[in-house]
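Throughout, numbering of the chain's residues begins at 1 and tracks the sequence. For clarity, every value in this text was computed on a predicted model and none was experimentally measured.
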Amino acid sequence: MTIRVIIVDDQAMVRAGFAALLSAQADIDVVGEAPDGRQGVQVSRSTHPDVVLMDVRMPEMDGLTAAREILDPPPGVVHRPRVLMLTTFDIDDYVYEALRAGASGFLLKDAPPADLIAAVRVVASGEALLAPSVTRRLIADFVQQRPAPRKDPALRLKGLTPRETEVLELIARGLSNQEIAGHLVLAEQTVKTHIGRVLAKLDLRDRAQAVIFAYEAGLVRPGDSG
């Protein structure tokens, strides 16, 4: 199946470069571009992409505001693509807030081309870009600096079974499904089932929000080793 992508960035050269790279892939189709967040929301609503590559800092409407509008659309708008934030810096306040809003992860603009292509495929498949240590550090740093606004996250943990809680903790430590399966001596499909139940019970969109929730609930703490 072809992955439909739009690119939202205020630099025309960046949009052109990313579009050329992604369009060259047999399984990726760039269906639209926009120079700012406001137009990015409009293009997303009209083209129904699977993945939105969203720059963090832009004129008119920044990437965070645009991501929120795309991921929490008004009544009547049913399409909700995955949003992958693009940033120049590996520690960026906006990126953390975007993850909170439901973005599926972030990618540095100077990442190797292969990483960009892989990131689009990973996010389109429903996963989140949380494996790199820099992402875990970003989430840990910002959770530590800003107390969570969620209501009683620790209380919500009580709705999970011991196994589900264990799986959530391993997700937050950055383990992949395969690594969790090996750690718990389970089939990978069983791990996927547990993750699905965790997300459903906690009303979370994806692994990115699961990691943030685990930190906010105190299940893992900044500085804990993986």
Going by the side chain to side chain contact (heavy atoms under 4.5 Å, CB included) test, name the single residue among Leu53, Ile3, Val51 that passes it with Leu22.
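When Leu53, Ile3, Val51 are each tested with Leu22, the side chain to side chain contact (heavy atoms under 4.5 Å, CB included) holds only for Leu53.
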Would you say that [X] contacts [Y] through its side chain, given a criterion of any heavy-atom pair below 4.5 Å between the two side chains?
X: Arg82; Y: Val122; result: no
X: Leu157; Y: Phe213; result: yes
X: Ile171; Y: Val211; result: yes
X: Leu86; Y: Phe18; result: yes
X: Ile6; Y: Val31; result: yes

Those residues that, when tested against Arg197, pass salt bridge (Lys or Arg N to Asp or Glu O under 4.0 Å) (two or more places apart):
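Partners of Arg197 under the salt bridge (Lys or Arg N to Asp or Glu O under 4.0 Å) test: none.
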Partners of Glu179 by salt bridge (Lys or Arg N to Asp or Glu O under 4.0 Å), sequence neighbours excluded?
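For Glu179 there are no salt bridge (Lys or Arg N to Asp or Glu O under 4.0 Å) partners, ignoring immediate neighbours.
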Side-chain donor-acceptor distances from residues 66-79 under 3.5 Å, at least two apart:
from	atom 1	to	atom 2	distance (Å)
His79	NE2	Pro49	O	2.6

Tell me the closest heavy-atom pair linking [X] and [Y], and the distance in Å.
X: Ser23; Y: Val30; answer: OG-CG2, 3.5 Å
X: Val43; Y: Gly32; answer: CG1-CA, 4.1 Å
X: Gln11; Y: Asp9; answer: N-OD1, 2.8 Å
X: Ile7; Y: Ala19; answer: CD1-N, 3.4 Å

Nearest-0.5 Å distance that lies between atom [atom1] in [X] and atom [atom2] in [Y]:
X: Thr87; Y: Arg57; atom1: OG1; atom2: CZ; value: 6.0 Å
X: Lys158; Y: Thr165; atom1: NZ; atom2: OG1; value: 12.0 Å
X: Ser125; Y: Met1; atom1: OG; atom2: CE; value: 10.5 Å

Please check: side-chain N/O of Arg4 versus main-chain N/O of Thr47, any donor-acceptor pairing under 3.5 Å?
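Looks like yes, one N/O pair under 3.5 Å.
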Under a 3.5 Å distance rule, please check whether Arg156 uses its side chain to pair with a backbone N or O of Leu202 as donor and acceptor.
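Checked: pair present.
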For Asp50, which residues count as a side-chain hydrogen bond (donor to acceptor under 3.5 Å, both in side chains) partner, sequence neighbours excluded?
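Scan of Asp50 (side-chain hydrogen bond (donor to acceptor under 3.5 Å, both in side chains), adjacent residues dropped) gives none.
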Who pairs with [X] by side-chain contact (heavy atoms from CB on, under 4.5 Å), at least two apart in sequence or on another chain?
X: Leu199; answer: Ile195, Leu204, Ala210
X: Leu184; answer: Arg163, Glu166, Val167, Leu170, Ile180, Leu186
X: Lys201; answer: Leu160, Thr161, Glu164
X: Ala111; answer: Leu107, Asp115

Qualifying salt bridge (charged side-chain N to carboxylate O under 4.0 Å, His left out) pairs, either residue in residues 10-25, two or more places apart
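The answer is Arg15-Glu33.
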Contact list for residues 22-31, test salt bridge (charged side-chain N to carboxylate O under 4.0 Å, His left out), sequence neighbours left out
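The answer is Asp27-Arg121.
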Which pairs count as side chain to side chain donor-acceptor pair (under 3.5 Å) when at least one residue sits in residues 181-192, sequence neighbours excluded?
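Qualifying pairs: none.
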Name all pairs fulfilling the ring pair (Phe, Tyr, Trp, His ring centres under 6.0 Å) condition that reach into residues 185-205, sequence neighbours left out, sorted by first residue then second.
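Sorted pair list comes back empty.
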